[in-house]
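In what follows, a single structure is set out as structure tokens and then discussed.
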Amino acid sequence: MGAKHFGARVKRLEDPALLSGRGRFVDDLKLPGLLHACFVRSPHAHAMVRDIDSGAATAMPGVHTVLTANDLPEPMRRMPIPMLTPNPAIATPRTQTALAGDEVCYVGQPIAVVIADSRYLAEDAAAAVVVDYDVLAAVGDCRVGIRDGAPRAHSDLASNVIARFPLAYGDVDAAFTNAAHVFEEVLWQHRGGGMALETRAVLASHDPVADTLTVWSGTQTPHLGRGTLADLLDRNLESIRMIAPDVGGGFGPKAIFYPEEAVIPATALKLGRPVKWIEDRREHFLSATQERDQYWDMAIAVDAGGKILGVRGRMLHDSGAFVPWGVIMPYIAAVTVPGPYVVPAYHLETVVVLTNKVPTTPVRGAGRPQAVFAMERLLDRVARELSLDRAEVRRRNFIQPEQMPYAVGLLFRDGKPLIYDSGDYPKGQDEALRLAGYEGFRERQRVALEQGRLIGIGIGNYVEGTGLGPFEGVTVRVLPSGKVAVATGATNQGQGTRTTLSQIVAEQVGCRIEDIVMTIGDTGAIAQGVGAFASRQAVNAGCSAQLAGEAVRKQIIALAARTLGVNEDDIDLEDGKAVATTGNKPMVPFGELARLAQGIPGVSLPAGQAAGLEHTAYYTPPQAAYCSGTHVAEVEVDHMTGGVKVLNYTVAHDSGRVINPLIVDGQVQGGVAHGIGNALLEWMQYDDNAQPLTTTFADYLLPMATDVPTCAIAHVETVNPLNPLGVKGAGEGGTIPAPAAIIAAIEDALSPFNVHFAETPLTPERIVAALRAAGAYERLFAA
Amino acid sequence: MGKQATRITVNGKSHARVVEARLTLADFLRHELGLTGTHLGCEHGVCGACTVLVDGHTARSCLMFAVQANGSEVTTVEGLAADGELSVLQQAFMDNHGLQCGFCTPGMLITLTELLRDNAEPSEAEVREALTGNLCRCTGYAGIVKAALDAAQRLRGGTPSQPSPASGGGR
Ligand code: FES
Ligand code: FES
């Protein structure tokens, strides 16, 4: 076998092109005759569309057409975009049409599209499209939306509650009746958007000779997109090719299918010219999905020693105006609460409410950061009330490694019982605490306080279901050139998918990593695919790469043994050659074997030999893979300004066997940055009428290089027994417990003032307000 | 819309074009010259993905009109790698995992090229301060900061912070 790749810090194959400006993002692609699109979007959160006058716009220079819903082909004209994630709890599975018909339900909903010679001209003309609206009352807050007599987010719906589902096990009432202590927390949790640095982007071109529609989209899920587009255009699936070229970050919002991905191909078909739409950042704030607001009312019942007896509560989720991904995100939140702890009884009522805001769908973490925040805040509360150390309270409640596999008692979103496959939670926490110097922290804190500095420490633990099915596919094929072609429906928005899969295939097949030619995110390269979300690709595509590689390895060995006249056991595969280990060690290069495997026209292949050196594997995981971890945040708070600085950040995480530590560490570090944003900065604000207020990066703040420390990271590997690689997902764990750990650390830093926090993001204004309410400034200035 | 004759030297090559006054420098580079390495992440001057050097100074090409660069020398990410070899900074990005999706990367490289030119021995805090005008959503900055410090050391003639076993081919 050649170089050892699995588990090595292999440098990324993606990098040279991206570093030298040779990336191929959608907006970098140029086609002859290309036209440009600009969308006309609703300026109102809720309105009836009375009339659209596009006469003036159509007459402007360089404008080719202006299309409204009625100009779209059937069935796209009327058909709501299919929802791919049904759930019986959804009373009215409402998704939007490609262009709005009579009613608009959020600011930014597309109403018409202008196609012109340049984006500049298209924007000019879009401003000249006159839309006559009847403005309706809007639901700007889900807490208002559930009240009797509240305005309705859709004029034809009787209620704004689109789904309500209880998740429960155990005898919660008994747990609370018999508890030594019961504590309650009321939490507001907000998460903004994915805010990938590349905005959404679609380019479509129709080849009338082959009748093939090619769509390049900055998507996480080209195969799902192709299927949806085929439905909306009533076209044969095989006549559409969807390609996700280089994509500048995904983080969830690029996993769903958007109206623009339907409209742009439809216009390209209609005009017979390629059409491109590149979202601008303001449009992204208005019309790309977010996670936004959840309101949690939670209670925990514990015994005298702080052992959990039960957890119960209610969660209100602002779903926005539609449910394109069903209720996946609040559902995941609801089942993530118990986390790494033994929670004998649990009951959470989840209420999903329509509002007149852009729809919510998963953003990195997908509801889990909120669930973890709720649970960890409850445990911090228990520790404070019972005067126990926060780490100790957690220790007393951890599921022990010998309890694995551990059935929580709920169904996960994959429909399978929530059973943790493996993990050592006490070890993870111990490791993180050791690395973070938790033991010595009180002394550090005391010394800092003497210098007038307020520092604090906080802990966040989580368990995350990753690696969700249904499947992903990988084809491995040895080419007559000696190169090894790999194709997959997995996609790459920065995760290093190409590198990771190449490591696995190179190791299995015995070729050099640089001899792999990979096609990623192209429906033309592999029949079926799913795409990137739920930290699923290392598990799904990784295992498929392993299985396909193994199969091809066997084919190569069998053919080489026959060709060289030796036993199969006496063949080694190395650097693209099959080498006999006996006799005078003859060898045959892969290219020659690939040619032999094509056979001779008219001649039967030897018995047992397949056509070509090629195999496609679609690995289907039996259930989710549960990764876990502990984060420890150490912060300094300026009590006068409310400014927070994250001083040290420690992560111990278990994502199973690690394929490439360089890449996994990068995922963790990047995830933590996102979590810091959620904890302290990112807030997509709307006014009471659901008008968005934060539509630039000057208003909606992302973490900068000065906000994010370099994390100390420990890998606590427990091998996943359920898949052939032993891997679990790694893409979201960095984000999930970060707000819990950071807010706890802020509270700890401000413990001299006895303030309590139960919200994210926690902005400087809110910190100062809490200190003021606690009388901190009177005390300080009196002293 | 008024058009104006404009001559801009980009990566050492002079380009004369008649362009609309409102054409941004970024769109000029990307769409007139086909230099698509310069990216647009916000078009309102915050993210820094569009950063280029104009007469040796970093500038946000989304906030500048092409005609404002008339007579100037512009350097883009395509101009950093001499003869297809990665520059020391680019190599350091690869060695230290300074990029994930690569969308912010051109702007990061340009900003750090200026920093390392002006400050041969920047501290970590100085690197971070210099990067506050460039947003990265993927990496959490650790790899970028490490790459900058590593490149600074290599440029001063020190050894790289970690040996770099060759890997990584083309695509
Ligand atoms: S695109 Fe110029 S600063 Fe963001
Ligand atoms: S690498 Fe993706 S934004 Fe920086």
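So you know, we letter chains A, B, ... as the sequences are listed, proteins then strands, and number each from 1. Given the structure is predicted, the values throughout are model-derived calculations rather than measurements.
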Exercise. Are B:Asp95 and B:Arg154 within salt-bridge range, i.e. N to O under 4.0 Å?
Worked result: yes
Exercise. Is there a side-chain contact between B:Val54 and B:Leu25, using heavy atoms and a 4.5 Å cut-off?
Worked result: yes
Exercise. Can A:Asp522 and A:Thr519 be counted as having a side-chain donor-acceptor contact under 3.5 angstrom?
Worked result: no
For this session: Mind ranking A:Ala673, A:Ala196, A:Gly494, A:Ala705 by heavy-atom pairs under 4.5 Å with chain B and telling me who comes out on top?
Result: A:Ala705
For this session: Could you tell me which portion of B:Leu135 (side chain, backbone, both or neither) has an atom closer than 4.5 angstrom to a non-hydrogen atom of chain A?
Result: both
Problem set entry | Contacting moiety of A:Leu121, where chain B heavy atoms sit under 4.5 Å | both
Exercise. What part of A:Val672 is in contact with chain B, defined as an atom under 4.5 angstrom from a non-hydrogen atom: side chain, backbone, both or neither?
Worked result: neither
Problem set entry | Contact class of A:Phe25 relative to chain B, heavy atoms under 4.5 angstrom | side chain
For this session: Examine whether an atom of B:Gln90 lies under 4.5 Å from a heavy atom of chain A, and if so say whether it belongs to the side chain, the backbone or both; otherwise answer neither.
Result: both
Seminar exercise, completed: Of A:Arg281, A:His284, A:Arg512, the largest count of non-hydrogen pairs under 4.5 angstrom with chain B goes to A:Arg281
For this session: May I ask you to name which of B:His39, B:Glu124, B:Met108, B:Glu43 has the most heavy-atom pairs under 4.5 Å with chain A?
Result: B:His39
For this session: Against chain B, label A:Gln669 side chain, backbone, both or neither, depending on which of its atoms sit under 4.5 Å from a heavy atom there.
Result: both
Exercise. So which part of B:Thr139 gets closer than 4.5 Å to some heavy atom of chain A, the side chain, the backbone, both or neither?
Worked result: backbone
For this session: Could you grab the distance from atom SG of B:Cys50 to atom NE2 of B:His44, nearest 0.5 Å is fine?
Result: 10.5 Å
Exercise. Can you tell me if A:Asn492 and A:Arg498 form a side-chain donor-acceptor pair at under 3.5 Å?
Worked result: no
Problem set entry | Among the listed options A:Arg282, A:Glu198, A:Met195, the residue most often paired with chain B at heavy-atom distances under 4.5 Å | A:Glu198
Problem set entry | Side-chain ion pair, A:Asp246 and A:Arg24, N-O less than 4.0 Å | no
Exercise. Is any side-chain heavy atom of B:Leu40 closer than 4.5 Å to a side-chain heavy atom of B:Arg30?
Worked result: yes
Exercise. Pick from B:Ala81, B:Gly133, B:Gly143, B:Cys42: which one has the most heavy-atom pairs with chain A under 4.5 Å?
Worked result: B:Cys42
Exercise. Atom NE2 in A:His631, atom OG1 in A:Thr650: separation rounded to 0.5 Å?
Worked result: 9.5 Å
Problem set entry | Check: B:Thr51 main-chain N/O paired with B:Arg60 side-chain donor or acceptor under 3.5 Å | no
Exercise. Between A:Gln493 and A:Lys254, is any pair of side-chain heavy atoms under 4.5 Å apart?
Worked result: no
Exercise. How long is the span from the CD atom in B:Gln153 to the CG atom in B:Leu149, to the nearest 0.5 Å?
Worked result: 9.0 Å
For this session: Go through the atoms of A:Pro61 and report whether side chain, backbone, both or neither lie under 4.5 Å from a heavy atom of chain B.
Result: neither
Exercise. By a 4.5 Å heavy-atom criterion (distance strictly below it), what part of B:Leu99 contacts chain A: side chain, backbone, both, or neither?
Worked result: both
Seminar exercise, completed: Max heavy-atom pairs within cutoff under 4.5 Å with chain B, candidates A:Asp515, A:Ile663, A:Asp280, A:Thr199, goes to A:Ile663
Problem set entry | Contacting moiety of B:Leu89, where chain A heavy atoms sit under 4.5 Å | neither
Exercise. Using non-hydrogen atoms only, which part of A:Gln667 is less than 4.5 Å away from chain B: side chain, backbone, both, or neither?
Worked result: both
Seminar exercise, completed: Note: vs chain A, highest number of non-hydrogen pairs under 4.5 angstrom among B:Gly102, B:Ala142, B:Gly37 is B:Ala142
